[in-house]
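Working notes for the structure below.
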Amino acid sequence: MSSVTEVNTTEYEADYDVVIVGAGFSGLYQLHRLRDELGLSVKLIEKADDVGGTWYWNQYPGAQCDSESHIYCYSFNEDILEEWQWSERYPSQPEVLEYLRFVTDRLDLRENIEFDTAVTGASFDETGSQWTISTDDGSEISSQFFVTAVGCLSEPWVPDFNKRDSFEGESYHTGRWPHDGVEFTDKRIAVIGTGASGIQVIPEVAKEDIEHLTVFQRTPNYAVPARDRPLDDGDWSEIQDNYDRILRNAHESGFGMPFETAYPTAEDLSMEEVREILEPRWQEGGFRFMLTFEDLIINPETNEKVSEFVREQIRETVDDSEMAEKLVPKGHYYATKRPPLHTNYYQTFNEDQVSLVDVTETPIERMITSGIQTTDAIHEFDMIIYATGFDAMTGTLLNMDIQGRNGLTLEEKWEDGPQTYLGLSAHGFPNMFTVTGPQSPSVLSNMPVSIEQHVEWISDAIGHFVDNDISAVEPRKEAEEAWTAHNTEVAEQTLYPTADSWYMNENIEDKPTVFTPYIGGVDVYHQTIQEVAEKEYEGFDLTESITDLDPRGDRPALS
Ligand code: FAD
Ligand code: NAP
């Protein structure tokens, strides 16, 4: 049970009940829920000049969802579900952005969003049990609750290549792509990175009228065909007829996707039998392929057979056998690094104007004014595209200089890796909640499902605290330690920790090696957080307010 203590808080009025940071999928729904369902005064701060988050920033050619469109959406509003019709099996970046703008306008959210403003600091003031939030325009505002919805993959990462800034041509990161487009014609282009972003941008750049494309690959990936196609009215009416069931199944599944795993294991199957099972799923494309065998991620024998099947497909697709061998992943199990989908990725390497540099054989030594110098050659370019990923899970949070009780910074607290209670909150940081924080299923799921779970839990919790005059809420240290230990324990039962992935923070040298998302499953996780709420927020200390302040009243807006 949680404990309730009376403390002598000074009567204190914050500017807002809640300040939210980030206007992506998470922040937009969080704003709607707190403002429109609880009637709280809420301000949302967003550094971009529009809504969209991921889909605002990642406007690179080929940017597209790997989640199927009919499940990559909000499920909380029936009118929106009925009014919006997706045009493709997987929505492309412009369509997701259009969708988020549509939802924003439909729910009239813009008036509570301050755009073009970055949060640069947030500190908890114990006297008033409230947060002071500083922004890059020099302003400060206060709120009783502080909700970070800053995204798990929103801080682009560029490796610190030797003399990185000496290149004099154009440089772009996929996660900060210029909104007015980029001209590729007649250019010599480098793409560094073959994760999900690289795998999408490479075929699109290769299609352009370029002089040459050179791909710099460190780790080959297991990419499965997406097999995108338009959705016609017939597809759509079938989805609409079954939408309740589909969405319920997604919310009750392990990965936030409504697909059943078909077989318990491949352990006792011959490779021939495995091929027979996987072939139709390969033809169907998408994440259903990954969900063929239930023990894929815990059983090395099953995983090796599935991995081998993918390797066979790559060898069959790429004409040049030497090139094919470079593209075949060998050093990690399938899906232990985020498994991308692709459209013509491997086929691209059959084009004359595309070449591949394996940087494990010939590492990048330095950037030079005209290009990239590897250990065996100088490669000259007009443009370098960094598809090198993100300071994932914690990077964006830590950039905000968050200070909890007694001046403890989140950076100090997480020096050896994130420690949270339920991936939602942290001891020492009262009244602060994080949507899809580290140690929650987040990136190991179809994210709108996890986002809705978190937003709804946070809203219910804040509503409960406000209704019960609870001014400060903080997870107990023991609860946090138990959750952190549980995270590690569950991860260690899987193959995930065997790969050098960004799930393990391995993409960035200075980060502690630790598995950051929660792999216990979206369904199990949801049940856990619901039980915590039902048991009066078990694991949290709740501090009762003595003030008669009505936290739902109108608050003056701070300019
Ligand atoms: P974001 O969309 O990242 O939004 C966070 C917002 O916070 C941003 O607008 C950012 O500008 C703002 N912000 C950050 N810091 C500050 C600050 N200090 N001050 C003010 N504002 C700040 N997930 C899936 O489930 N399926 C997919 O197929 C899929 N495809 C993806 C494709 C790409 C290219 C990428 C990068 C990610 C993909 N994801 C996918 C994950 C995706 O990030 C989530 O699905 C979802 O969009 C996250 O929404 P969010 O609101 O939590 O975070
Ligand atoms: P990523 O998965 O981290 O891939 C980064 C790539 O850059 C990797 O190939 C990495 O190699 C390489 N790299 C990093 N440092 C390097 C160095 N010093 N030298 C050479 N190569 C280097 O990043 P991402 O592709 O942007 O994807 C991040 C996540 O965003 C995805 O996993 C996914 O969750 C999401 N995303 C989703 C979609 C989608 O759903 N459609 C699309 C894009 C992104 P190593 O593997 O060796 O580290």
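Source: prediction; values computed, not measured. What's counted below: heavy atoms across the whole structure, side chains too, no hydrogens, waters or symmetry copies. Counting starts at 1 for both ligands and their atoms, in listed order.
Heavy-atom proximity to Asp66, at under 4.0 Å, picks out these atoms of ligand 2: 39 (C), 40 (O), 41 (N). The Cys65 neighbourhood of ligand 1 comprises atoms 27 (C), 28 (O), with distances under 4.0 Å to a heavy atom of that residue. Ligand 2 places these atoms under 4.0 Å from at least one heavy atom of Gln64: 39 (C), 41 (N). Within ligand 2, counting atoms from 1 as listed, the ones closer than 4.0 Å to a heavy atom of Gly193 are 6 (C), 7 (O), 9 (O), 12 (C). Under a 4.0 Å criterion applied to the non-hydrogen atoms of Thr219, ligand 2 contributes the atoms 45 (P), 46 (O), 47 (O). Against a heavy-atom cut-off of under 4.0 Å, Gly389 is close to the following atoms of ligand 2: 3 (O), 5 (C), 23 (O), 24 (P), 26 (O). Numbered from 1 in the order shown, with element, the atoms of ligand 2 that lie under 4.0 Å from a heavy atom of Tyr60 read 42 (C), 43 (C). Within ligand 2, counting atoms from 1 as listed, the ones closer than 4.0 Å to a heavy atom of Pro159 are 15 (N), 16 (C), 17 (C), 18 (N). The ligand atoms of ligand 1 that sit less than 4.0 angstrom from a heavy atom of Phe390 are 36 (C). Shown in contact with Thr194 at under 4.0 Å from a heavy atom are these atoms of ligand 2, numbered in order with element: 6 (C), 8 (C), 9 (O).
Taking the six-membered ring for Trp, Tyr72 and Trp55 have ring centres closer than 6.0 Å.
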Could you please spell out the steps behind the ring pair (Phe, Tyr, Trp, His ring centres under 6.0 Å) verdict for Trp131 and Phe124? CA-CA 4 Å; Trp131 283 88; Phe124 185 71; 5.4 Å; yes
Side chain to side chain contact (heavy atoms under 4.5 Å, CB included) assessment of Trp414 paired with Leu397: CA-CA 11 Å; Trp414 287 359; Leu397 283 167; 3.9 Å; yes
How far apart are the C-alpha atoms of Ser445 and Tyr525, what are their side-chain angles, what is the distance that settles it, and do they pass the side chain to side chain contact (heavy atoms under 4.5 Å, CB included) test? CA-CA 11 Å; Ser445 67; Tyr525 175 79; over 6 Å; no
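Closest to atom 35 (C) of ligand 2 among all protein heavy atoms lies Leu153 CD1, 3.7 Å. Distance from atom 26 (N) of ligand 1 to its nearest protein heavy atom, with residue and atom name: Ser67 OG, 2.8 Å. Among protein heavy atoms, the minimum distance from atom 4 (O) of ligand 2 is reached at Gly195 CA, 3.6 Å. Regarding atom 21 (N) of ligand 1, its nearest protein heavy-atom neighbour is Lys47 N, 3.1 Å. Ranking protein heavy atoms by distance to atom 48 (O) of ligand 2, first place goes to Arg218 NH2, 2.9 Å. For atom 43 (O) of ligand 1, the closest non-hydrogen atom on the protein side is Thr54 OG1, 2.7 Å. What sits closest to atom 3 (O) of ligand 2 on the protein, heavy atoms only, is Trp502 CD1, 3.4 Å. Scanning the protein heavy atoms around atom 46 (C) of ligand 1, the nearest turns out to be Tyr72 OH, 3.5 Å.
Of the heavy atoms in Lys337, only side-chain atoms (C-beta onward) come closer than 4.0 Å to ligand 2. Residue contacts with ligand 1, taken as heavy atom pairs separated by less than 4.0 Å, involve Val21 solely via side-chain atoms from C-beta onward. Only the side chain of Gln200 comes within contact range of ligand 2, with a heavy atom under 4.0 Å; no backbone atom does. Contacts of Phe255 with ligand 1, taken as heavy-atom pairs under 4.0 Å, are absent altogether. The proximity of Trp157 to ligand 2, defined as any non-hydrogen pair under 4.0 Å, does not occur for either the backbone or the side chain. At a heavy-atom distance under 4.0 Å, only backbone atoms of Ser445 (N, CA, C or O) approach ligand 1. Counting heavy atoms under 4.0 Å from ligand 2, residue Ala387 touches it through the backbone alone. The part of Thr117 lying near ligand 1 is the backbone, judged by heavy-atom distances below 4.0 Å. Counting heavy atoms under 4.0 Å from ligand 2, residue Phe216 does not touch it at all. Residue contacts with ligand 1, taken as heavy atom pairs separated by less than 4.0 Å, involve Trp55 solely via side-chain atoms from C-beta onward. At a heavy-atom distance under 4.0 Å, atoms from both the backbone and the side chain of Ala196 approach ligand 2. Looking at Cys65 against ligand 2, only its backbone comes within 4.0 Å, counting heavy atoms. Under 4.0 Å from ligand 1, the heavy atoms of Met400 that appear belong solely to its side chain. Residue contacts with ligand 1, taken as heavy atom pairs separated by less than 4.0 Å, involve Val150 via backbone and side-chain atoms alike. At a heavy-atom distance under 4.0 Å, atoms from both the backbone and the side chain of Asp66 approach ligand 1. Of the heavy atoms in Tyr503, none comes closer than 4.0 Å to ligand 2. With a 4.0 Å cut-off on non-hydrogen atoms, Ala149 touches ligand 1 through its backbone and not its side chain.
Here the shortest heavy-atom distance to atom 44 (C) of ligand 2, taken over Pro363, Ser442, Ser197, belongs to Ser197. Across the listed options Glu509, His173, Arg338, His342, Arg338 owns the non-hydrogen atom lying nearest to atom 31 (C) of ligand 2. Of the listed options Gly256, Ser26, Ala63, Ala118, Ser26 places a heavy atom closest to atom 52 (O) of ligand 1.
The N/O atoms of Met447, backbone and side chain alike, include one that comes under 3.5 Å of an N/O atom in ligand 1. The N/O atoms of Trp57, backbone and side chain alike, include one that comes under 3.5 Å of an N/O atom in ligand 1. At a 3.5 angstrom cut-off on N or O pairs, Phe25 counts as close to ligand 1. Of the polar atoms of Glu46, at least one N or O is found under 3.5 Å from an N or O of ligand 1, judged by distance alone. Inclusion of Thr396 in the set of residues having an N or O under 3.5 Å from an N or O of ligand 1 is not warranted. By the 3.5 Å distance cut-off applied to N or O atoms, Asp500 is not counted among the residues near ligand 2.
Inspection of the Glu95 and Ser87 side chains reveals an N or O donor paired with an N or O acceptor under 3.5 Å. Side chain to side chain, Tyr29 and Glu456 meet the donor-acceptor criterion of an N or O pair below 3.5 Å. Thr434 and Thr148 share a donor-acceptor pair across their side chains, judged by distance under 3.5 Å alone. Side chain to side chain, Asn303 and Ser307 meet the donor-acceptor criterion of an N or O pair below 3.5 Å.
Scanning both residues, Glu111 and Arg35, for their nearest heavy atoms gives CG-NH1, 4.0 Å.
The aromatic rings of Phe390 and His173 lie perpendicular to each other, with more than 60° between the two planes, well past the 30° mark.
Residue contact check for ligand 1: Val435 places no non-hydrogen atom closer than 4.0 Å to it. The closest approach between a heavy atom of Thr388 and any atom of ligand 2 is below 4.0 Å.
The closest side-chain heavy-atom distance from His212 to His379 is not below 4.5 Å.
Checked against Trp177 for a ring-ring contact (aromatic ring centres under 6.0 Å, His included), the options Tyr56, Tyr386, Tyr172 give a single hit: Tyr172.
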